[in-house]
Amino acid sequence: MDPLAREFAYCVGRLSATMEHQWLLSDPASDLTERQRGAMISLLETVSPPDQGGAR
């Protein structure tokens, strides 16, 4: 895996965990985290080769 894609994947995972935690606490910050996660997924899909399918 490309080092940049690995970093983006790591960030997607961390943001996913943070978002889930915020959902459990009904934290309104989860909306922002969800948008940030979506942006990071887009970056990951951009740097991932087509045969790897990105983060989804």
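In this text the structure is predicted, and so the values were computed from the model without any measurement.
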Going by the side chain to side chain donor-acceptor pair (under 3.5 Å) test, which pairs reach into residues 22-32, not counting sequence neighbours? Q22-T33
Which atom pairs, donor and acceptor, lie under 3.5 Å between side-chain atoms of residues 10-21 and protein residues at least two apart or in another chain?
unit_1 : atom_1 : unit_2 : atom_2 : d
S16    : OG     : V12    : O      : 2.8
S16    : OG     : R37    : NE     : 2.6
T18    : OG1    : R14    : O      : 3.0

A39: which residues meet the side chain to side chain contact (heavy atoms under 4.5 Å, CB included) condition with it, sequence neighbours left out? none
Gap separating the CD1 atom of I41 from the CZ atom of F8, nearest 0.5 angstrom: 12.5 Å
